[in-house]
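Every chain is numbered from 1 and lettered A, B, ... according to where its sequence line falls, protein lines coming before strand lines.
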2 protein chains.
Amino acid sequence: MRRLLPAGDTRETRACYLISSSPYAVEINMSHSRTHPCLPLMHMMNLEQIAKLSGVSRSTVSRVINDDPHVSDGTRENVLRVVRLMNYVPNAAARGLARGRTQVIGLVIPTGISTLFADPYFSIFIQGVSSACNAHGHSVMLWLAEPEYERRQIRQIVHGGSIDGVIVASALTDDVLLNELSQSQRPYVVVGRRPNDWQTSYVDADNSGGARDAVRHLLRLGRRRIATIIGPQNMIAGLDRLTGYVMALREYGLPIDQDLIAEGGFNESGGYLAMQQLLPRRPEAVFAASDTMAIGALRAIREVGLRVPDDLALIGFDDTPLAARTDPPLTVIRQPAQQLGRMAVEILLEVIDYPEVAPQCLILPTELVVRASCGAALV
Amino acid sequence: MRRLLPAGDTRETRACYLISSSPYAVEINMSHSRTHPCLPLMHMMNLEQIAKLSGVSRSTVSRVINDDPHVSDGTRENVLRVVRLMNYVPNAAARGLARGRTQVIGLVIPTGISTLFADPYFSIFIQGVSSACNAHGHSVMLWLAEPEYERRQIRQIVHGGSIDGVIVASALTDDVLLNELSQSQRPYVVVGRRPNDWQTSYVDADNSGGARDAVRHLLRLGRRRIATIIGPQNMIAGLDRLTGYVMALREYGLPIDQDLIAEGGFNESGGYLAMQQLLPRRPEAVFAASDTMAIGALRAIREVGLRVPDDLALIGFDDTPLAARTDPPLTVIRQPAQQLGRMAVEILLEVIDYPEVAPQCLILPTELVVRASCGAALV
DNA sequence: CTGAAAGCGCTTACAG
DNA sequence: CTGAAAGCGCTTACAG
C-alpha cells in the first residue's frame, strides 16, 4: 500500500489514479514541466542565519523571539524585521528539546466506531479543545484510540515526551491509559467525572442536574407517572442521570417505582427494547438518558399506536442533530460540548504550569431545549 | 481565564468547581492527603541511562532502538530488556531534531462551524487519517482553521517544522494556506480535486461519477423529467456533481433544461428555496447535490402536498446520518470518507519519502445507497 | 559489531 | 543590554 508510484517513476508525468466506476471521468495523465518551479528555496531558516542577517548573536535573536524584555528597542526592531522578512519560525523540535516543553497537548478519544460516527458531540468537543489551544498558542495532537495500537499509543502518549499533557475523553471507569497516566508524572485531565479518584482532574457536564431538570420539566407539565430509560450503570454518566431522575421525583414527594426504570444501553435498539418493556406500565412520560435511546423509544411508542406527546411525553439527553429532526422533534437536555473542550484545556494548562497543586474538577451546567416531544405546547 | 486555582492555592485541598444550577450536585471540597502518592518517580528515561544500565554506548542503544541490523543479537537482547523494563521511549523532540523528521503529519480542517458541527463526514475522514497514521507509526496534529488565528496557524504549519507534511481538507479554490504551501518545500496533499493545479497531490471522491450514478438510477426507474439542485459553482465538488448530472442525461439522449437546474448553496434553506423554484416546472425527480439540500427540498415538497417518491423521486449526495432518518429515508450517493482519509495519508507519506516525484492524485468511487426516496420500491 | 564525537536548532544561566 | 558556551536527547558518519 505504501508504494503508489507509477511503474516508470518518471518525474515529468503526473501520476493519476482513477479508482472509479466512471468512464467519463476527466482526469488524464498529462506531461508537463512545472513540477519544479524553482522558487526562491528559502530553505527553512534558523536562528544562526537570522542572527547573521541582523548582525547580532543567536542569544539575542532568541530573546527577541521569546519577548524577553532585556533587549534594546533598536535591536529588537532590527531582528524582528529580519524575522518577518524571512518568515522565520523557530523550529518546534529544537525548542521543545531545549525547553522541555513542546507546547503540544494530546487529545485521546476512544473510537467505539459507533460513537464517533454518528455523534457530533465529539466534533464539537474537539472544536472547543482546538480553539482553546489556539488561544493559548498550543497545538493539539489527536489520538483516536484503536485497540490494535493501544499499547504502542499508550507508550507514546505517556513516555514519548511529544506532548506536555493530555486530555482523555474516556467513558470507561477502568481505563488502561488512565492507569498508566496516574502512575506517571505527566499532566492529564479526563472528560467525565471520577467520583473516587482523588488525584485526577476532570471536567464533566452536570449529568445529574440535567436529568433532574428534564424530569422536573415533565413534572411541571403535569405528568406524574414518569418512567426512565437509563444508561449502563457501570458508566458514571449512566449513574448520574439516574440520580437526577430520582432527585426530581423526590422533590415532588413521588415514589421511585422500579417498574418504571429500564436499561437501554445508551443505544437505539436498547432504547426500543426498554420502551417495549415500559409500555405495559402505562407511563405518562419517559425520560431517556440519551437521544439515541429516546429515538428507539419513539419507534416503540409509534409501533403500538400511541401519540407523542399527547399520550406519552418524551425527553432525551445530549441534543444530537437527529433530536431536532425526529417526529415530533425531541425535547432534550443539551450538553455543553464545546465548553467542556475549552475547559478541559484550561484546566490541563493549569496542571501543566502548577503540577504541585491539587487536582481540579469542574462540572458544567446543561441546558433544557424545549421542543415538541415533551408536550409543553399542549399545556 | 488561565487562572482557575482557588484563592488559597492550598495543596491539600481538592479544588472543585461546580458551575451548575444543581443544588443537589454531589461534589464537595474535601481534604485528603493522597495528592502526592510518591510513586517510583522514574523521571523520563533517556538514551544515556539506558546505555549505562545495559553497559553499552548510547550509539548502540540508538541502533537497537532503530532496528539497525549491525548489532549483535546478544547486545540487542540485553538492551531491549532494559528498554522494556524502564518503559523507555525515545524523546520525540530530540529525535525529530536529530533526524529532521518528526513522524507527525498535520491535518488542517476548515471550521465553517456549520460543516463540522452536524456533518460526521469529517469525523469519519479523521478516523481514516488517524488509522492510516497509526499503521505507519505516525501521529497526527490537528488544526481546525479558525479565521482569527489563520496567519499564525499558517506560519506554524508551513514554517514551524513540527510536522513532516500536511493534509489540507479545504473546499476553497483559492486558499491562503495552499498558496503558501505550494511556495514552500513542505509536502502536502489536499482533499478535493484541483483541476488546474499541476503541482499539488490530491484525493477526492468521484463526484461526477457519483452524481451520474444517481441520475442514471432515476432514469432507470423510468423518470425522465429530472431536475437538479446544484451546489455553489465556485466549488469543484459543486461543478463536478453538475457534470455528472449532465453526463447521465446525455447518455439517455435527453436535453439539458436550464429551468430544471437550481442552486442551493449546499445548505438546507438553500435546498428548500431551490426546490420551491423547481416545483412549478413539474419535475418527476430531483437530484440534490448534497443531503442537506435534499432535506430542504423535502420540506418544500411536503409543503405543497406532493408525495415522495410517488409524485417526485429524490436522491441526495453524501450520506449523512440524517439522510437515513428522513421521511421517507433518502436514497443517496455515499462518499468514501474513511478511504479518503486513509489514502490522503498514503499519498502524503509517498510525497514525504519521494519529494522529487510527480504529484499524485486519486479519485475514489462513490456508492449508491438505495432507500425509499427514489421510488425504487414502486417499480 | 561498537564507541567517541559532532551536530540537529533552540534556550538559558553566566559573564561582561 | 549582549554574547560565548553549555546543554536538551537523539542520530549518524567516522574510526576502529
Results of side chain to side chain donor-acceptor pair (under 3.5 Å) for B:Ser62 - residues two or more places apart only: B:Asn66
By the 4.0 Å heavy-atom rule, please label A:Ser72 as base, sugar-phosphate, or nothing.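 Sugar-phosphate, no base atom in range.
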A:Thr60 near the nucleic acid: base, sugar-phosphate alone, or nothing, with a heavy-atom cut-off under 4.0 Å?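 The answer is sugar-phosphate, as A:Thr60 gets under 4.0 Å only of primed atoms, P, OP1 or OP2.
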For A:Val61 and B:Ala94, take the nucleotide of DNA chain C holding the closest heavy atom to each; which residue's nucleotide lies nearer the 5' end?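 Looking at the nearest nucleotide for each, B:Ala94 comes out on the 5' side.
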Assign each of B:Arg63 and A:Tyr88 to its nearest nucleotide of DNA chain C by heavy atoms, then name whichever residue's nucleotide is nearer the 5' end. B:Arg63
Along DNA chain C, first and last positions that approach a heavy atom of chain B under 4.0 Å: C:dC1 to C:dG9
Do the charged groups of B:Asp164 and B:Arg99 touch, with an N to O distance under 4.0 Å?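 B:Arg99 and B:Asp164: not salt-bridged.
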Please determine if B:Asp353 and B:Arg101 form a salt bridge, counting it only when a charged side-chain N lies under 4.0 Å from a carboxylate O. yes
How does DNA chain D read in dot-bracket, base by base from 5' to 3', with Watson-Crick or G-U pairs under 3.5 Å and | used when the partner is on another strand? |||.||||||||.|||
Only residue of B:Gln156, B:Gln153, B:Arg152 satisfying side chain to side chain donor-acceptor pair (under 3.5 Å) with A:Asn134 is B:Gln153
Using every non-hydrogen atom in the two residues, find where B:Ser162 and B:Thr102 come nearest and quote the distance to one decimal. O-OG1, 3.2 Å
Minimum heavy-atom separation for B:Pro90 and B:Ile65, please, with both atom names.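 Heavy-atom minimum between the residues: CG-CG2, 3.9 Å.
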Stepwise side-chain hydrogen bond (donor to acceptor under 3.5 Å, both in side chains) test for B:His136 and B:Glu346: CA-CA 9 Å; B:His136 292 299; B:Glu346 298 293 342; 3.1 Å; yes
Working to the nearest 0.5 Å, report the span between CD of B:Gln338 and OG of B:Ser131. 6.0 Å
